[in-house]
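Per chain, numbering begins at 1; letters A, B, ... match sequence-line order.
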There are 2 protein chains.
Amino acid sequence: MIKQELIFRDYLRAKGLKFTPERRMVLEEIFSFSGHFDVEALYDKLRHRVGGLSLATIYRTMPLLIKAGLIKEVMRCQNRPQYERCFGSPHHDHLICIKCGRVFEFREEEIERLQDKVCQRFGFRPIEHRLGIKGYCKNCQIKERNSRNV
Amino acid sequence: MIKQELIFRDYLRAKGLKFTPERRMVLEEIFSFSGHFDVEALYDKLRHRVGGLSLATIYRTMPLLIKAGLIKEVMRCQNRPQYERCFGSPHHDHLICIKCGRVFEFREEEIERLQDKVCQRFGFRPIEHRLGIKGYCKNCQIKERNSRNV
DNA sequence: TTGTAACTGAGAATCAATTGCAAATAGTCA
DNA sequence: TGACTATTTGCAATTGATTCTCAGTTACAA
Ligand SMILES: [Zn+2]
Ligand SMILES: [Zn+2]
Ligand SMILES: [Zn+2]
Ligand SMILES: [Zn+2]
């Protein structure tokens, strides 16, 4: 069995919950690609499948996947939370282009390390963190520069 | 005149907008204390004043204050955006306790510097960033430890 | 002072997200 | 295998935050 499915089943069993076809569909869809997504996008992809499922079910499945450690909320665009799978993909942070919406991922060891140092200073036990840098991507800067020259 | 008021007036004038008593009340309230706040809290404080003002007006004023560079959204708690003034207070990031909700502010120069380095690597022009670390504060860790011993 | 575009409060509308309910069903235990 | 039951589902109604509409008010430039 696929590993994420095993994890999900184990999580559900441990909580006395059921592994339903609907929950499997959501899980499969999420792990069929890598990248960011939101509830709306998930619904669009799943509603038209044979025996498509309801929006409410997706909303009810998200927290389960999060608690199972399979996905996490990583940012918020247009006032909607964006998720990504975290099982099998290493932690990273994000650059978000204000103009075109593109998202770039990075991981800077030193930043990670320094955060721990800060936490120690406060006696704070960190569970998770989120670093998002908003600005203009390379492309959008070039476009802007060109349009100025016109 | 108080400096933030001057800035706000200048911003409004430049955009052909008006400096009204309502907008002044919101501005005054925000600058009467330092710390984080949300729309709800602001409304609670302002509604009962003589000539209290409406929630809609507060909602309409927030983006103006943001664009004027006087406040900014810093995080989101219970699905509500939290703001803080940014005029006259230096940039910082946040530690947020998952249990008691307390928020601690820190500034780590080296993290700031490294972010610029990352941006350079991507040819990305940063405008703003947000770093939030969630976990358990010193107090809540102690409480938990004690309750375990019972 | 006057004219007018911007502003206000109140309530309606919107949007994402949650919830109540009755019918369906996964998973357990004979 | 078959019955049992707590969980889940879809649907529609609801919530809660935010935005919009509109008619009356007002700041402020000329
Ligand atoms: Zn871009
Ligand atoms: Zn990512
Ligand atoms: Zn705490
Ligand atoms: Zn702060």
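- The residue among P21(B) and R60(B) whose nearest nucleotide of DNA chain D lies closer to the 5′ end is R60(B).
- Shown are E105(A), E128(A), H129(A); of these, the side chain to side chain donor-acceptor pair (under 3.5 Å) with H91(A) is made only by H129(A).
- Salt bridge status for R107(B) with E109(B): present, with a side-chain N to carboxylate O gap under 4.0 Å.
- Taking CG of L131(A) as the start and CD1 of I111(B) as the end, the distance is 8.5 Å to the nearest 0.5 Å.
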Under the criterion side-chain hydrogen bond (donor to acceptor under 3.5 Å, both in side chains), I'd like the reasoning laid out for H94(B) against Q82(B): C-alpha separation, chi angles, the key distance, then a yes or no.
CA-CA 12 Å; H94(B) 298 97; Q82(B) 305 288 315; over 6 Å; no
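- At a threshold of 4.0 angstrom between heavy atoms, the contacts of L55(A) with the nucleic acid are absent.
- Side-chain nitrogen and oxygen atoms of R23(B) include none within less than 4.0 Å of the OP1 or OP2 phosphate oxygen of dA27(D).
- For the pair L64(A) CG and dA26(C) P, the interatomic distance rounds to 17 Å; values are reported in whole Å.
- Listed nucleotides dA17(C), dG27(C), dC7(C) differ in distance to K18(B); the shortest reach to its side chain belongs to dC7(C).
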Pair E108(A)-R121(B), salt bridge (Lys or Arg N to Asp or Glu O under 4.0 Å): steps then yes or no
CA-CA 11 Å; E108(A) 181 68 36; R121(B) 207 155 68 216; 3.0 Å; yes
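- In this structure, E22(A) atom CD and dT7(D) atom P are separated by 17 Å, rounded to whole Å.
- No donor-acceptor pair closer than 3.5 Å links the side chain of R80(B) to the backbone N or O of V39(B).
- Atom-to-atom, OH of Y59(B) to C1' of dC15(C) comes out at 13 Å; the value is rounded to the nearest Å.
- You'll find that the side chain of A56(B) is closest to dA10(C), out of dA6(C), dA10(C), dT25(C).
- In terms of phosphate contacts, R80(A) brings a side-chain nitrogen or oxygen within less than 4.0 Å of OP1 or OP2 of dA16(C).
- Note: CZ (R24(B)) to C1' (dA27(D)) measures 12 Å, nearest angstrom.
- Note: F104(A) and F124(B) have perpendicular aromatic rings, judged against thresholds of 30 and 60 degrees for the angle between ring planes.
- Heavy atoms of P81(A) sit under 4.0 angstrom from primed sugar atoms or phosphate atoms, though from no base atom.
- One can place CG of D38(B) at 13 Å from C1' of dG16(D), the figure rounded to the nearest angstrom.
- For DNA chain C, the residues of residues 5-17 of chain B within the heavy-atom distance limit of 4.0 Å (strictly under) are G16(B), L17(B), sorted by number.
- A close approach under 4.0 Å does not occur between any side-chain nitrogen or oxygen of T20(B) and OP1 or OP2 of dA6(C).
- Following rounding to the nearest Å, Y43(B) (OH) and dT18(D) (P) show an atom-to-atom distance of 14 Å.
- When the P atom of dA26(C) is taken as reference, atom CE of M25(A) falls 14 Å away, rounded to whole Å.
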